[in-house]
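Hydrogens, waters and symmetry mates play no part in the numbers below; they use all other heavy atoms, side chains included. Since the structure is predicted, the reported quantities are computational estimates derived from the model, not experimental observations. Sequence positions, counted from 1, serve as the residue numbers for this chain.
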Amino acid sequence: MRFGEKLAVHINPLILRLALGSIFLFAGLEKLTQTMTVQGEDAAILANMGVDLSKPATEDPGPADTQPPQQTAEQTALGPAAAFAFLPTSYQDDEQDGEEAQPNPAESEQELAPTPTTPAPQFSAAEFTEPREVKKLYGIALTLHAGANPQGTRPDGSPQPPMVPAWTAKGSTAKILAWVAALTEAIFGGFLIIGLFSRIGGLAIAGTMITAMWLTQFGPAWQAGTLTGLGFGPGFLPNNEYFNFYDWVTFFFQLILLAAATSILFAGSGALALDRLLFGKPRKHRDDDDEDDDD
């Protein structure tokens, strides 16, 4: 392999890795460390997913004995551990009096009967009149919820279809997926910078970009029934103004990131990477070097 070819094979992946890894490391850390403000309906949606939206510490909750105990968003997030905060009042009274509760036959029969599953307490927008701080990654969870529960109509008057499966917005699934997305960006962004598991990182980030383009570009346009073919056929692009570059900046940026991630997936990390140090040269490169030595 000639020197110029070697330079292209090894330096190009390095440039792509450094640029792509820096962008995604920054994006992932921003979602994990920075906060955004939610209020009203958005706050209630996140609380019902199990996101901690505890009231400000300066706010007086009032006497504990004047209101029945209600489960907070923080306790919802705890899952089974939160159940210990809601012991039945009769059990608490018996334990405080130091007397053993007498068994009641009716209660015993009721305990033996199967207990129907009760849904988790639902929070409403009225409970979040004040702004709450949450991690920026929960913006992804809100996007998934909106995509699975469309409220508008298409130009022909038909209701908008969901652009993501319903299960992505059930329970805490959207919250988990938001964490997965943010951690994928941060972890594999860092891996790309140092050249570790570069092909896996390229695949992970390519998948992240395809998902992001669907959630922010193609999906909303399809959901609203506004896809356009730019006059060349069936609609397959967001309905932006044709030759207004600024309307297409986000789309082009996402497309470039997807192309860079795909290039790393197929080209590998190059020579200046931990992958080469740990796993050695790819076989094709070894064969090419052996041929050059024979020449």
Side-chain angles (χ1 to χ4, degrees), residues 20 23-24 26-28 30-32 36 38 40-46 48-51 134-186 188-189 201-262 265:
L20 192 66
I23 291 171
F24 276 91
F26 176 84
E30 181 194 24
K31 292 181 179 68
L32 291 167
M36 67 179 188
V38 294
E41 185 64 27
D42 286 345
I45 290 170
L46 292 178
N48 288 324
M49 291 179 185
V51 177
V134 297
K135 290 184 181 295
K136 276 192 173 183
L137 63 90
Y138 290 124
I140 300 174
L142 291 174
T143 301
L144 289 171
H145 184 274
N149 300 278
Q151 303 297 324
T153 58
R154 286 183 162 183
D156 60 2
S158 61
Q160 293 183 356
M163 67 176 179
V164 295
W167 62 264
T168 60
K170 285 185 177 179
S172 60
T173 304
K175 180 183 75 170
I176 296 171
L177 292 175
W179 275 97
V180 170
L183 290 172
T184 297
E185 291 180 353
F188 285 104
L203 177 62
I205 289 180
T208 300
M209 287 314 307
I210 291 173
T211 304
M213 293 181 75
W214 175 255
L215 291 177
T216 62
Q217 302 290 329
F218 298 103
W222 171 80
Q223 190 177 56
T226 59
L227 285 171
T228 178
L230 299 178
F232 298 104
F236 61 95
L237 290 172
N239 189 22
N240 298 329
E241 188 177 345
Y242 286 1
F243 294 107
N244 186 343
F245 178 77
Y246 294 101
D247 280 358
W248 293 91
V249 166
T250 301
F251 174 80
F252 288 146
F253 179 61
Q254 292 174 330
L255 185 62
I256 289 171
L257 294 179
L258 174 60
T262 306
L265 171 62

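- The main-chain N or O of Trp214 is never found under 3.5 Å from a side-chain atom of Trp222 such that the two would form a donor-acceptor pair.
- Side-chain contact between Leu142 and Met36: present, with at least one pair of heavy atoms (C-beta onward) separated by less than 4.5 Å.
- Among all heavy-atom pairs drawn from Asp156 and Ser158, the shortest one is OD1-OG, 2.6 Å.
- Two residues are said to be in side-chain contact when any heavy atoms from C-beta on lie closer than 4.5 Å; Met213 and Ile210 fail this criterion.
- Counting only distance, with no hydrogens or angles, the side chain of Arg154 and the backbone of Pro159 share no donor-acceptor pair below 3.5 Å.
- When all heavy atoms of Leu227 and Phe218 are compared, the closest pair comes out as CD2-O, 4.0 Å.
- Among all heavy-atom pairs drawn from Ala174 and Ala141, the shortest one is O-CB, 3.7 Å.
- One distance of note links CG of Leu237 with OG1 of Thr226; it measures 11.0 Å at 0.5 Å rounding.
- Contact of the Trp179 side chain with the Leu32 side chain is registered, since non-hydrogen atoms from C-beta on lie closer than 4.5 Å.
- Across all non-hydrogen atoms, the minimal contact from Leu144 to Val164 is O-CG2, 3.5 Å.
- Put simply, OG1 on Thr173 and NE2 on His145 are 11.5 Å apart, with the number rounded to the nearest 0.5 Å.
- Not one N or O on the side chain of Asp247 forms a donor-acceptor pair closer than 3.5 Å with the backbone of Asn240.
- Among all heavy-atom pairs drawn from Pro155 and Ala224, the shortest one is CD-O, 3.1 Å.
- Between Trp248 and Leu255, every side-chain heavy-atom pair lies at or beyond the 4.5 Å cut-off.
- By the 4.5 Å heavy-atom criterion applied to side chains, Leu215 and Met163 are counted as neighbours.
- Summarising the geometry, atom OH belonging to Tyr242 is positioned 3.5 Å from atom OG1 belonging to Thr228; distances are rounded to the nearest 0.5 Å.
- One distance of note links CD1 of Ile140 with OG1 of Thr168; it measures 12.5 Å at 0.5 Å rounding.
- Between the CZ atom in Phe252 and the CD atom in Gln217 there is a gap of 10.0 Å [rounded to 0.5 Å].
- Taking OG1 of Thr184 as the start and CD1 of Ile205 as the end, the distance is 8.5 Å to the nearest 0.5 Å.
- Side-chain contact check for Tyr138 versus Val38: every heavy-atom pair is 4.5 Å or farther apart.
- With sequence neighbours excluded, no residue forms a salt bridge (Lys or Arg N to Asp or Glu O under 4.0 Å) with Lys170.
- Scored by the salt bridge (Lys or Arg N to Asp or Glu O under 4.0 Å) test, Lys135 finds no partners at all (sequence neighbours excluded).
- A salt bridge (Lys or Arg N to Asp or Glu O under 4.0 Å) check over residues 136-145, counting only residues at least two apart or in different chains, returns the pairs Glu30-Lys136.
- Between Lys175 and Gly50, the shortest heavy-atom contact is NZ-O, 3.5 Å.
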